[in-house]
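The structure under discussion appears below in the form of C-alpha cells.
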Amino acid sequence: HSKRGGGDGYQYFSIKMTEVALRRLTLENNLRKAIERGEFALHYQPIFDVAEGRFLGAEALLRWNSGELGHISPAEFIVLAEETGLIISIGEWVLRQACQQAVSWLNQGVLLSRMAVNVSGVQFLHKDFAALVETILAETGLKSSILELELTETALISDEYGILDILTSLKHIGVQLAIDDFGMGYSSLSRLKNFPIDRLKIDRSFVCSIEQDSGDAAIAIAIIAMAESMAMKVTAEGVETAGQLAFLKSKRCHEIQGYFLSRPLPAGQAGEFLMKQRYEN
Ligand code: C2E
Ligand code: MG
Ligand code: MG
Ligand code: MG
C-alpha cells in the first residue's frame with residue numbers, strides 16, 4: 001500500500017466521489033418515498049401589505065423531515081427533485097396541500113387574499129401544467145385569484161416550450177403570476193414586457209445590504225420603478241431589520257416578507273398569526 005505513492009491522492013479523491021455519490025443516492029431513495037411516508041410539510045411565511053398595514057396572505061415553503069436523514073433544506077433537495085423528475089409529483093403535492101390549507105383558513109374566517117406557491121421550471125414546463133392547476137382549484141374549491149404561482153426568471157428564459165402560451169392559460173384560469181428572486185437571472189426586459197406577470201419579488205440578496213450598499217439600493221429602487229411603469233406589484237423578500245423595512249416603505253415597495261415580520265411558520269401557528277388580522281383591524 002505504502003509503495004503506491006501518488007496513488008493515495010487518487011484513492012482519496014475517489015473515496016470523496018463515492019461519498020458524494022452515496023449521499024446523493026441515499027437522498028434520492030428517501031426522496032422517492034417521502035410523499036407516501038408523509039415526511040413533507042408546508043410552512044407558511046406571512047406577507048405584509050405596506051399600504052393596508054396588515055398581513056394579506058402567505059407563501060408556502062416546503063419542509064422535508066426525513067425519517068432516515070433528518071431535516072434536509074429545500075436548497076439541497078429541490079435541485080435533486082428537479083434532476084430526477086420527482087419534482088412533478090412533489091410539486092403537485094405542494095400545490096394541492098397549499099390550496100387545501102387556504103380553503104381551510106378561509107373557512108375559519110382568516111382574511112386571506114393570497115396563497116403563494118413556488119413552482120419549479122421543470123414542473124411549469126411539464127405537460128398540462130395549467131390543466132393541473134385548474135383541476136386542483138376545482139378539487140379544493142379555492143378561488144383562482146387567491147392562488148399566486150411564483151416562477152423563477154430561469155424558468156421563463158428558454159423559448160422553445162411556448163412559455164407565453166402556458167402563462168396565458170394560467171391567466172385565463174385567473175391565478176396570479178409572480179417572478180421570484182427577481183434581479184438574479186438574466187431575463188431581458190423586452191421579453192418580460194410580453195408576459196402577463198402580476199408581481200416581481202426582489203431577491204433577498206439585494207434587500208440584505210440595501211442600507212449599506214448604494215448599488216443594491218439603486219437596484220431595488222429601479223425594480224420598483226420599472227414594476228410601477230409596467231403596472232406590476234413588487235414584494236421585497238428577506239427583510240430582517242427595521243431599517244430595511246423603513247427604507248422599502250419610503251420607496252413605496254408594495255409588500256414585504258422577512259424574518260423581521262415573521263419567519264415561515266407551521267400551518268397551525270401561521271393560521272393563528274393571520275387570524276389576528278381579523279381583530280386588529
Ligand atoms: P424562495 O421562494 O425565494 O423563498 C424564500 C426563502 O428565504 C425561504 O427559504 C425562506 O425561508 C427564506 N427567508 C424568508 N425570509 C427570510 C429572511 O428574512 N432572511 C433570510 N435569511 N431568509 C429568509 P427556504 O424555505 O429554505 O426555501 C429556499 C428556496 O427553495 C425557495 O426560495 C424556493 O426557491 C425553494 N422552495 C421552497 N419550497 C418550494 C416548493 O414547494 N417548490 C419549489 N419548486 N421550490 C421551493
Ligand atoms: Mg418564493
Ligand atoms: Mg425568492
Ligand atoms: Mg430564493
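As a basis for the values below, the full set of heavy atoms in this structure was taken, side chains included, without hydrogen atoms, waters or symmetry mates. Nothing here was measured: the structure is a model prediction, and the numbers come from that model. In each ligand, atom 1 is the first atom listed, and ligand 1 is the first ligand listed.
- Glu59 pairs with exactly one of Gln45, Lys201, Arg114 by the side-chain hydrogen bond (donor to acceptor under 3.5 Å, both in side chains) rule, that one being Lys201.
- The Mg ion (ligand 2) has an N, O or S atom of Glu59 under 2.8 Å away, backbone or side chain.
- With 2.8 Å as the limit, Asp181 counts as an N, O or S neighbour of the Mg ion (ligand 3).
- Salt-bridge annotation for Glu255 and Lys233: absent, with no side-chain N of the basic residue lying under 4.0 Å from a carboxylate O of the acidic one.
- Within the listing of ligand 1, atoms 15 (N), 18 (O) sit less than 4.0 angstrom from a heavy atom of Gly258.
- Only side-chain heavy atoms of Gln45 come within less than 4.0 Å of ligand 1; its backbone N, CA, C and O stay farther off.
- Proximity of Tyr44 to Leu61: side-chain heavy atoms (C-beta onward) are nowhere separated by under 4.5 Å.
- The number of heavy-atom neighbours closer than 6.0 Å to CZ of Arg252, taken from other residues, nucleotides and ligands shown, is 12 or below.
- For Glu83, the salt bridge (Lys or Arg N to Asp or Glu O under 4.0 Å) criterion is met by Arg24, not counting sequence neighbours.
- Shown here for Glu28 and Leu80, the closest heavy-atom pair between the two residues is N-CD2, 3.7 Å.
- Remark: side-chain polar atoms of Ser209 are not paired, donor with acceptor, to backbone N or O of Gln212 under 3.5 angstrom.
- Proximity of Asp181 to ligand 1, defined as any heavy-atom pair under 4.0 Å, is confined to the side chain (atoms from C-beta onward).
- Here the side chain of Asp198 pairs a donor or acceptor atom with the backbone of Leu177 at under 3.5 angstrom.
- By the criterion of a heavy-atom distance under 4.0 Å, the side chain of Arg63, and not its backbone, is placed next to ligand 1.
- No single ILVMFWY cluster, assembled from side-chain heavy atoms under 4.5 Å apart, contains both Leu62 and Val79.
- Of all N/O/S atoms in Asp180, OD1 sits nearest the Mg ion (ligand 3).
- Among the backbone and side-chain atoms of Glu237, an N/O/S atom is found under 2.8 Å from the Mg ion (ligand 3).
- Considering backbone and side-chain N/O atoms, Leu62 comes within less than 3.5 Å of an N/O atom of ligand 1.
- Put simply, part of Glu59 is less than 4.0 Å from ligand 1, judged by heavy atoms.
- Between the Thr168 side chain and the Leu164 main chain, a donor and an acceptor come within less than 3.5 Å of each other.
- Hydrophobic clustering (side-chain heavy atoms under 4.5 Å, transitive across Ile, Leu, Val, Met, Phe, Trp, Tyr) keeps Met232 apart from Ile47.
- Comparing Val117, Asn118, Leu42 against atom 39 (C) of ligand 1, the shortest heavy-atom distance belongs to Asn118.
- Atoms of ligand 1 lying under 4.0 Å from any heavy atom of Asp180, numbered from 1 in the order shown and given with element: 1 (P), 2 (O), 3 (O).
- Residue-ligand proximity, Glu237 to ligand 1, at heavy-atom distances under 4.0 Å covers atoms 3 (O).
- Ligand 1 has at least one atom lying under 4.0 Å from a heavy atom of Pro264.
- Within the 4.0 Å heavy-atom criterion, the part of Val239 lying near ligand 1 is the backbone and not the side chain.
- Only the side chain of Ile78 comes within contact range of ligand 1, with a heavy atom under 4.0 Å; no backbone atom does.
- For Lys201, the heavy-atom gap to ligand 1 stays at 4.0 angstrom or more.
- Listed by atom number, the atoms of ligand 1 under 4.0 Å from Ser120 heavy atoms are 44 (N).
- Ring pair Trp64/Phe40 is tilted by interplanar angle, where 30° to 60° counts as tilted.
- For Gly238, the closest heavy-atom approach to ligand 1 falls below 4.0 Å.
- Heavy atoms of Arg204 found under 4.0 angstrom from ligand 1 belong exclusively to the side chain.
- For ligand 1 and Val94, the ligand atoms under 4.0 Å from any heavy atom of the residue are 41 (O).
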